[in-house]
Every structure is written in structure tokens, then in C-alpha cells.
Protein chains: 2
Amino acid sequence: MEIRLLIADDHPIFLKGLKEVIEMDADLKVIVSAKNGQEALLSFQSHSVDVVVLDIDMPRMTGLEAAEKMLHIQPDLPIIILTMHKEKAPFLKALEIGVLGYVLKENAVSDIVHAIYKAKDGELYLSPEISAYLLKKTSALQRQSKNDLKALLTPSETHIMKMISEYKSSKEIADELFISEKTVSNHRMNIAKKLNLTGKNSLLRFALEQRWG
Amino acid sequence: MEIRLLIADDHPIFLKGLKEVIEMDADLKVIVSAKNGQEALLSFQSHSVDVVVLDIDMPRMTGLEAAEKMLHIQPDLPIIILTMHKEKAPFLKALEIGVLGYVLKENAVSDIVHAIYKAKDGELYLSPEISAYLLKKTSALQRQSKNDLKALLTPSETHIMKMISEYKSSKEIADELFISEKTVSNHRMNIAKKLNLTGKNSLLRFALEQRWG
DNA sequence: TGAAATATGAGCACTACTACCTATGGAAAT
DNA sequence: ATTTCCATAGGTAGTAGTGCTCATATTTCA
């Protein structure tokens, strides 16, 4: 049975190579090749395909954005994300969107066909070495940088930072710790200075982005 | 070669069953059994183990909290999470923490040993049916609930909500959309009313928690 | 012991978001 | 054609966080 594919990548040579690798499997047929997310989304709406393969880094619209929009239109669409980077954020984002495959480009030749068949059956596929490496590595790195930050702040400041990340107001923090709001305010200011943060909600923002909780 | 395990679950019968299932494999040896996360963490600090298996729902300290603390002490520790629930949040949280295995209890008998060997080698293992099912299902559900919210809000309100989730201030939003700050303020108030939100930063908080961006 | 870091507290000006009100013009619905 | 919804905008008040300065007690450490 033939599987019809839409593929997208902004590098023409890679795109051509990808098409050839995929079509070495007799049952896989690349119906559309797009060179950015926007084009992929438009093509998707005018062609009937079984599986979509998207690069993340593309001009006009990233693969993740395109994936999100496609799944909005057709929630059970099997989508596979290709990427060069071993970063954690796009990986988690991809899972969150509801993508069925996440494959690193360096391993793509062997993994991509496997991922396509898995995705076609509604199963999840992540290139194993890659995802494991990525998860362990980056969570360790993240812990490291969090430790660095905690070393920069005093114990009280760290404590208050944690409470900020729990959406507590200065008044609530002051009441819980039996100290004056003024003291909390001073701590906030000292933290902001140490971390070079300015502007409204900058502390809350930082606390949330660094997953302080 | 023998693999030494720490396992934790708050149901004694399940804990006993789990130990027996694991030890049917001659190379796997359960060194410690704990009945909650706190006990698991303490035991972990006083015993040398190769792989840790934790239930999520436990009194005193959840499996995820215990996992986070253990990985803080030993970042390369292979940890497998067991759970009954097919919810998405704890799954993503587990990946974020840096756990190597995520296994549903209903499939545990066959999957758990597989997961242990994978984790021991530093590889990721997710029970396939489960994770695929969970990802597709819940991301579709989440899209649904997001659509419900978007249906509740007018286009302008949705747009402003998105900009709020990008940490933009009312002034910035007003400038970008060429409207008055007052208008933005009114939209914010209307959104807050529709969503029953009150208090400082409630809109930002909601936008971030619902992953509006 | 003396200096530096930390935790505590206050005053004051400024800005931003919340919360409530009114009002007008246009678009959609009945 | 009239009502209802929406986007627009102004007024006024309150509350909370920021940005700054100053002061004092305690702790730490060199």
C-alpha cells in the first residue's frame, strides 16, 4: 500500500536528498516538496497526504508552527519533525503539539523511513540515541545553570524567588515569612540587580522561564 | 552482570508484585523497596543502586519530586516512572526532569524489564502504545479546550491574549496595534470577566498556564 | 577585631494592571 | 429596523511592583 508524503525543508539539496532516501522504499511516495512552513501548509490544504515530514528551521513559518496549524485542521495527521539541533525546548514543544516523530538530521537516513511507518500507524517514534542523550544532557545542564544562579543569590533571595515563581505577591511573601513588605521589596530589587533584570514583572518572568519552581 | 534496583510504590501488594516481576529476571536485584517518595530518597542516599523505579502517586513526596531530587544529587541516574494515569502534564514533567523511562502500570509486567535495561544503558524508553495514545489523544483534547476558550473570546481579545502571553505590556500592545491603551485595558477587563479571573497578573498567569503562545 | 555581606526596615516617586463607569460608531443578527 | 455585540476610547480610583536612597542589627570571615 502506498504512503503519500509531504516533505518540507529550506535547503534544496537536503530536500532532494531526503526525497531520494524516502523513495528508495517502494511504498513511499513524496507527493509534495515545500521549501518553508507556509508553503507546506498551503500544499497540505490542497493535496491529500498520509504523512508529513517537516524541518524545524525554515523561513516564513517554522516546522513547529506549520505542524500546529495542520493538526488544528486534521488532529490525527501523522507528522514527523526533523531537526539539526539537540535542544530540549523544541523537542518538548513538538511533543506538546502532538507530533508523532522527532528525528535528528544526522541520523535521518536510517531513522526517517522507520519513523514514517510508525507514524502512519499512529505510533510515536523518537530517534533513540538522540532523545536519550538530549534529555539527560540538557536536564543536567539546566540543573547546573540553576545551581549557578542559586550560588549568586543569598538564601533569603533564593527563597523569595521560589515564592515569586509560585505567583505569590510581595504581601503574601511578607506575611508567610513574618517580615515587612519593605524587606521583600528590597530583596526583589537586589535580586533584579544581580540578574540584570528590569521592568514590570521581570522577576516573575525570569522565575517562570528558568523554571524556578 | 547484576543490576541493583530501588523501587517505590505506596501500595504494598503492588510493590511486592513489582519486586517479583522484576526478579524473575536473574540479573535484576531489588535492593530497596520504599513506600513513598521521601523514604525512597533517603534510601537512595544510603544505598548504591543502578536504576530507580518510582510510582508517581505517593504520599509525603511524589515520584516526580523524588526523581528530581535524586537527579540533583546524581544527574546520570537512570530513573523509570510508573503511573496509572494517562495524563499529559506529568508525562511532560517527567521528560523535563530528565527521567529515562515512563511506563503505564497496566502494561508494566512486560514493559518494565525492558525499560530497566534500556535505562541502565542510558537510553529512553516509553511504553509505545501508551505514549502514542496519550500524545495524540491529549493534544487533541487540549486543542479542543483551547478552541473552546478562543470561541469564548472575540478575535481582538484572542489577539491581545496572545500578546500578553508574550509578556507584552498594555502599552506595547497598544502601540503595536495602533489603538489606545484604554482600549487594551478594556479588552483585558472583558477577558478577565469572561474567564472569571481576578487579581494582579491574573491574565498573564492564565495565558502562561494555558500555554496560549 | 574590623570590614564585608546579609537581613531587616522605611520613604518617595513612578509605572502598570485591575476594576468600575460611561459613550460612540459600525457590524451582525433577528 | 432595532437590538445586540464588538471595537474603540475616556475618566477615576486603587493596588502592586520597580527604582532609588538611607539606616541598623547580625553574621561571617579574613
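Lettering of chains follows the sequences in order, A, B, ..., and the numbering in each one begins at 1.
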Anything under 4.0 Å to a heavy atom of chain B counts; send over the first and last such nucleotide of DNA chain D, read 5' to 3'. D:dC6 to D:dA16
Quick one: does any side-chain atom of A:Thr158 pair with a main-chain N or O of A:Thr154 as donor and acceptor, under 3.5 Å? yes
Keeping A:Glu172 on the side-chain end and A:Ser169 on the backbone end, is there a donor-acceptor pair under 3.5 Å? yes
Do B:Lys200 side-chain and C:dT18 base share a donor-acceptor contact under 3.5 Å? no
Restricting to salt bridge (charged side-chain N to carboxylate O under 4.0 Å, His left out), what partner residues turn up for A:Lys171, sequence neighbours left out? A:Asp175
For B:Lys194, all residues meeting salt bridge (charged side-chain N to carboxylate O under 4.0 Å, His left out), sequence neighbours excluded: B:Glu157
Nearest whole angstrom, please: distance from the [atom2] of [N] to the [atom1] of [X].
X: A:Arg188; N: C:dA16; atom1: CZ; atom2: C1'; value: 14 Å
X: B:Glu172; N: C:dA16; atom1: CD; atom2: P; value: 9 Å
X: A:Leu203; N: C:dT15; atom1: CG; atom2: P; value: 19 Å
X: B:Met189; N: C:dC17; atom1: CE; atom2: C1'; value: 12 Å

At what distance, to the nearest 0.5 angstrom, does CD1 of A:Ile191 lie from CD1 of A:Ile160? 6.0 Å
So CE of B:Met61 and CG of B:Asn36: to nearest 0.5 Å the spacing works out to 8.0 Å
Can you give each donor-acceptor pair under 3.5 Å made by side-chain atoms of residues 177-188 of chain A, sequence neighbours left out, with the distance rounded to 0.1 Å?
residue  : atom : partner  : partner atom : Å
A:Ser180 : OG   : A:Lys182 : N            : 2.8
A:Asn186 : ND2  : A:Lys182 : O            : 3.3
A:Arg188 : NH1  : A:Ser170 : OG           : 2.8

Atom pairs, N/O to N/O, protein against nucleotides 27-30 of chain C, distance under 3.5 Å?
none

Would you mind reporting whether A:Ile116 and A:Leu28 have side-chain heavy atoms less than 4.5 Å apart? yes
List in chain and number order the residues that pass side-chain contact (heavy atoms from CB on, under 4.5 Å) with [X], two or more places apart in sequence or in another chain; answer none if no residue qualifies.
X: B:Leu197; value: B:Ala192, B:Leu195, B:Ser202, B:Leu203, B:Phe206
X: B:Lys35; value: B:Glu39
X: A:Ala40; value: A:Leu6, A:Ala8, A:Ala34, A:Leu54, A:Met70
X: B:Arg205; value: A:Tyr167, B:Glu209

Which atom pairs link the protein and nucleotides 5-11 of chain C when you take only N or O atoms and keep those under 3.5 Å?
residue : atom : partner  : partner atom : Å
C:dA7   : OP1  : A:Ser156 : N            : 3.3
C:dA7   : OP1  : A:Ser156 : OG           : 2.8
C:dA7   : OP2  : A:Thr154 : OG1          : 2.5
C:dA7   : O5'  : A:Ser156 : OG           : 3.4
C:dT8   : OP2  : A:His187 : NE2          : 3.1
C:dG9   : OP2  : A:Ser180 : N            : 2.5
C:dG9   : OP2  : A:Thr183 : OG1          : 2.9
C:dG9   : O5'  : A:Thr183 : OG1          : 3.4
C:dG9   : N7   : A:Asn186 : ND2          : 2.8
C:dG9   : O6   : A:Asn186 : ND2          : 2.9
C:dA10  : OP2  : A:Ser180 : OG           : 3.0
C:dA10  : N6   : A:Asn186 : OD1          : 3.1
C:dA10  : N6   : A:Asn186 : ND2          : 3.4
C:dG11  : N7   : A:Lys182 : NZ           : 3.1
C:dG11  : O6   : A:Lys182 : NZ           : 3.4

So how far off straight is the helix from C:dT1-D:dA30 to C:dT30-D:dA1, going by the axes through five pairs at either end, to 10°? 40°
Please collect all side chain to side chain donor-acceptor pair (under 3.5 Å) contacts where either partner lies in residues 41-51 of chain B, sequence neighbours excluded, each pair once. none
